Amino acid sequence: MTASAWQPNKLEAERLDKVAQIEAQGIDAFPRRVQRTHTCAAAIAAFEAAEAQDAEAAQQLAVTVCGRIRRVNVKGKLSFMHIEDESGRIQLFLRVNDMAEATYNLVKDKLVDSDDFVQATGTLMRTKAGEVSVLVKDFVLLAKSLSPLPVIKQQVKDDGTVVEYGEFTDVEARYRQRYADLAVNRDVRDVFMKRAKIIKAVRNYLDNAGFLEVETPVLQPIYGGAAARPFITHHNQLDQDLYLRISFELYLKRLLVGGYDAVYELGRDFRNEGVSFKHNTEFTMLEFYKAYIDYHEVARLCEGYVVDACLAVNPSLQINWQGHAVDLTPPWKRITMRDAIRDASGIDYMDYRDAKSLEAAIRKAGIEVAPGQPWGKLIEHLLGETVEKNLIQPTFIMDYPRDISPFAKKVEYDDLHVERWELYIAGMEFANAFTELNDPRDQEARFLDMAKTFREGDDDETPLDTDYLRAMRYGMPPNGGFGMGMDRLVMLLTNQRSIRDVLLYPHLRAEG
RNA sequence: GGCCCCGUAGCGCAAUGGUAGCGCAGUUGACUUUUAAUCAAUUGGUUGCAGGUUCGAGCCCUGCCGGGGUCACCA
């Protein structure tokens with residue numbers, strides 16, 4: 001045995017001493033077996049159902065419940081406690097006459113604490129104050145808590161609202177010790193239960209719409225499908241550098257060549273970039289591709305699953321996000337990028353068809369811009385500066401500049417735009433979709449264009465993927481493609497301000 | 001990465017450059033229908049780390065570590 005690095009503080013030392021006292025009585029502080037018959041909520045429900053039939057008979061209902069102690073109130077020879085499991089809380093009513101005195105004394109002498117896991121067996125009753133409780137006949141310690149959780153007292157008002165006294169709000173501690181955050185903050189636990197429901201609703205929708213869920217490589221020899229810097233790693237035996245994927249796009253579209261009509265993947269992307277309230281280094285992405293549809297039909301699919309996801313965790317499509325009233329009732333607004341920017345800034349970028357003159361026009365309008373950016377990037381910057389923040393209601397910005405969209409098919413009779421939209425809600429970018437480019441000759445030209453742009457100073461390289469071109473040469477059906485950051489969708493639908501609040505373990509620096 | 005804010009007891013927070021306090025939790029005692037239980041007493045600190053200024057630093061200065069915000073970056 002190596003020496004423990006743990007330095008118990010005073011409170012922990014007290015609890016260690018209690019464990020020693022418990023064990024001195026021959027009691028296992030961490031026993032192997034439990035015998036739960038009811039969750040806390042199920043016990044209460046069973047009693048209330050029985051009580052509605054026959055109040056006397058309901059008192060005969062025997063249950064064994066388990067949970068973490070959240071409140072203890074020792075009143076001499078009578079004690080109360082609340083225990084909590086995932087389903088909720090139930091009160092234990094412990095009286096020395098109803099149980100072995102030695103067992104009762106574990107409670108009276110405070111050898112069991114708040115935060116311990118316990119099992120209680122007894123019959124159900126209602127206290128004088130009207131709360132359904134377990135009249136405890138036997139009481140077993142299931143697991144001793146050696147480190148006290150942050151203390152939060154809760155008062156349940158008559159109208160059912162809960163007032164909390166004492167808080168655990170230190171953001172860093174909550175993220176680093178998410179287990180403590182979850183154990184103490186019920187609303188945090190709720191967010192992640194909602195997250196699961198949202199993801200499940202999305203899956204259901206796509207499954208029912210005929211999509212096949214697939215899995216493609218996370219470690220990729222050539223990254224692509226998005227404009228972002230990748231993480232690089234190395235395979236030792238093969239002596240091969242690999243990239244953690246920044247998107248699934250190129251692998252998914254190869255599957256359309258292979259004969260699937262519609263595929264999707266829900267998984268993790270990794271981008272070696274800064275973090276913010278809406279960016280985490282790794283995040284959950286949804287991408288889907290469906291043959292024989294264009295970007296208009298993709299937009300309808302997007303509306304469809306977002307509606308389902310919303311209703312999975314909200315009573316209606318009218319939601320509130322950080323003070324913004326958002327209505328997700330489809331159809332959502334569609335506006336071209338050109339019109340949106342012209343309406344917001346007065347600049348019609350089609351009057352400036354090269355980067356140099358457009359950059360000058362943007363400056364003239366009093367908008368700061370980094371010098372030397374390509375034409376499409378300037379337009380994107382303009383959108384971000386003048387339009388994005390005001391797009392509170394869901395809005396599809398349609399038809400993006402061709403030179404920043406290497407995988408989208410161009411608009412008919414228009415060499416400057418492609419059939420691409422991005423979805424904005426609550427001032428945030430949510431999704432990106434195109435009518436996918438399926439002409440291998442055009443695709444190769446786009447790769448070469450992107451390489452040229454990169455050499456001219458753009459930060460994000462789009463590497464030439466020759467295997468992707470080889471696949472496309474076999475023939476790729478016309479198709480519509482789509483990507484959305486699921487974390488942001490969860491933020492929106494659960495009214496969370498930061499992406500870190502919808503990730504169980506957000507990325508943090510190493511603990512000093 | 002730039003700028004701004006923050007870091008004090010287990011948790012939440014105070015403290016003009018002059019003895020580091022309060023609430024909750026904890027500990028001891030009382031209490032057989034409490035529910036933020038109550039009452040009485042009481043323990044608990046290398047003020048994130050390292051330097052500096054000063055007779056004296058939680059407070060002022062410098063650097064570092066960590067977190068948040070914002071800008072940049074980022075489909």
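None of the values given here were measured: they were computed from a predicted structure.
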Practice task
Using the P atom as the reference point in each nucleotide, state the distance between B/A14 and B/A30 in Å, no decimals.
Solution key: 38 Å

Completion exercise
The residue among A/Ile397, A/Ile341, A/Asp399 that forms side chain to side chain contact (heavy atoms under 4.5 Å, CB included) with A/Ile335 is A/Ile397

Handout entry: RNA chain B: 5'-proximal contact among A/Ala129 and A/Lys108 (nearest heavy atom)
Key = A/Lys108

Exercise for the section: Take the protein atom CG of A/Asp170 and the nucleotide atom P of B/C13, then report the distance between them rounded to whole Å. Expected result: 8 Å

Handout entry: Non-hydrogen side-chain atoms of A/Lys253 and A/Tyr468 separated by less than 4.5 Å
Key = yes

Problem - Rounded interatomic separation in angstrom, taking OH from A/Tyr165 and P from B/G12 - result: 19 Å

Practice task
Select base, sugar-phosphate, or nothing to describe what A/Phe80 touches, counting heavy atoms under 4.0 Å on all strands.
Solution key: base

Practice task
State which of B/G68, B/G66, B/U34 makes the closest approach to the side chain of A/Gln91.
Solution key: B/U34

Handout entry: Heavy-atom side-chain contact between A/Leu416 and A/Met350 under 4.5 Å
Key = yes

Exercise for the section: Look at the side-chain N and O atoms of A/Arg126 and state whether any lies under 4.0 Å from the OP1 or OP2 oxygen of B/U33. Expected result: no

Practice task
Could you tell me whether a side-chain N or O of A/Arg500 sits under 3.5 Å from a main-chain N or O of A/Pro506, the two making a donor and an acceptor?
Solution key: no

Practice task
Describe the nucleic acid contact of A/Phe93 in one word from base, sugar-phosphate, nothing, applying a heavy-atom distance below 4.0 Å.
Solution key: base

Handout entry: Donor + acceptor pair across side chains of A/Thr123, A/Lys137 (<3.5 Å)
Key = yes

Exercise for the section: Classify the nucleic acid contact of A/Val96 as base, sugar-phosphate or nothing, counting any heavy atom under 4.0 Å across all strands shown. Expected result: base

Handout entry: side-chain N/O A/Arg497 vs B/G68 OP1/OP2, d < 4.0 Å
Key = no

Exercise for the section: For RNA chain B, determine which residues of residues 8-16 of chain A have any heavy atom closer than 4.0 angstrom to one of its atoms, and list them numerically. Expected result: A/Asn9, A/Lys10, A/Leu11, A/Glu14

Practice task
With the side chain of A/Lys153 defined as its heavy atoms from C-beta on, choose the nearest nucleotide among B/C73, B/A37, B/U35.
Solution key: B/A37

Practice task
Give A/Gly225 one of three labels, base, sugar-phosphate or nothing, depending on what nucleic acid heavy atoms sit under 4.0 Å from its own.
Solution key: base

Problem - Nearest-angstrom distance from the residue atom CG of A/Asp501 to P of B/G67 - result: 15 Å

Handout entry: Residue pair A/Phe434, A/Val418: steps toward the side chain to side chain contact (heavy atoms under 4.5 Å, CB included) verdict
Key = CA-CA 8 Å; A/Phe434 339 122; A/Val418 292; over 6 Å; no

Handout entry: The single option from A/Asp442, A/Asp415, A/Asp403 passing salt bridge (charged side-chain N to carboxylate O under 4.0 Å, His left out) against A/Lys410
Key = A/Asp415

Practice task
Verify the contact: side-chain N or O of A/Arg71 to OP1 or OP2 of B/A37, cut-off strictly under 4.0 Å; return yes or no.
Solution key: yes

Exercise for the section: Answer yes or no: does a side-chain N or O of A/Arg229 lie under 4.0 Å from OP1 or OP2 of B/C74? Expected result: no

Problem - Nearest-nucleotide 5' precedence on RNA chain B, A/Met125 against A/Leu508 - result: A/Met125

Handout entry: Presence of A/Lys18 side-chain N/O under 4.0 Å of B/U27 phosphate oxygens OP1/OP2
Key = yes

Handout entry: side chain to side chain contact (heavy atoms under 4.5 Å, CB included), paired with A/Arg89, selected from A/Glu131, A/Arg68, A/Arg186, A/Gln154
Key = A/Gln154

Exercise for the section: Report the C-alpha separation of A/Glu48 and A/Arg126 in whole Å, then their side-chain angles, then the decisive distance to 0.1 Å, and conclude whether the salt bridge (Lys or Arg N to Asp or Glu O under 4.0 Å) test is met. Expected result: CA-CA 10 Å; A/Glu48 288 179 338; A/Arg126 231 177 240 285; 3.7 Å; yes

Handout entry: Side-chain N or O of A/Arg509 closer than 4.0 Å to phosphate OP1/OP2 of B/C65
Key = no

Practice task
Have a look at A/Asn97 and say if it touches a base, only the backbone sugar-phosphate, or nothing, with a 4.0 Å heavy-atom cut-off.
Solution key: base

Exercise for the section: Kindly say if A/Arg174 contacts the phosphate of B/G68, meaning a side-chain N or O under 4.0 Å from OP1 or OP2. Expected result: no

Practice task
Answer with base, sugar-phosphate or nothing: what part of the nucleic acid does A/Ala226 contact at a heavy-atom distance below 4.0 Å?
Solution key: base

Practice task
Can you tell me which stems RNA chain B forms, taking runs of 3 or more consecutive Watson-Crick or G-U pairs with both distances under 3.5 Å?
Solution key: B:1-7 with B:65-71, B:10-13 with B:21-24, B:26-30 with B:38-42, B:48-52 with B:60-64

Exercise for the section: Would you mind classifying the nucleic acid contact of A/Val74 as base, sugar-phosphate or nothing, using non-hydrogen atoms under 4.0 angstrom? Expected result: base

Practice task
For A/Arg271, report the nucleic acid contact type (base, sugar-phosphate, nothing); a contact means any heavy atom under 4.0 Å.
Solution key: nothing

Handout entry: Side-chain H-bond candidate by donor/acceptor type, A/Gln177 with A/Asp181, under 3.5 Å
Key = no

Practice task
Can you sort out the partners of A/Asp113 under salt bridge (charged side-chain N to carboxylate O under 4.0 Å, His left out), two or more places apart, ordered by chain and number?
Solution key: A/Arg15, A/Lys18, A/Lys144

Practice task
Would you mind telling me which of B/G67, B/U27, B/C11 lies closest to the side-chain atoms of A/Arg176?
Solution key: B/G67

Exercise for the section: Provide the distance between the two C1' atoms, one in B/G12 and one in B/G52, to the nearest whole Å. Expected result: 33 Å

Exercise for the section: State whether A/Thr127 places a side-chain N or O below 4.0 Å from either non-bridging phosphate oxygen (OP1 or OP2) of B/U34. Expected result: no

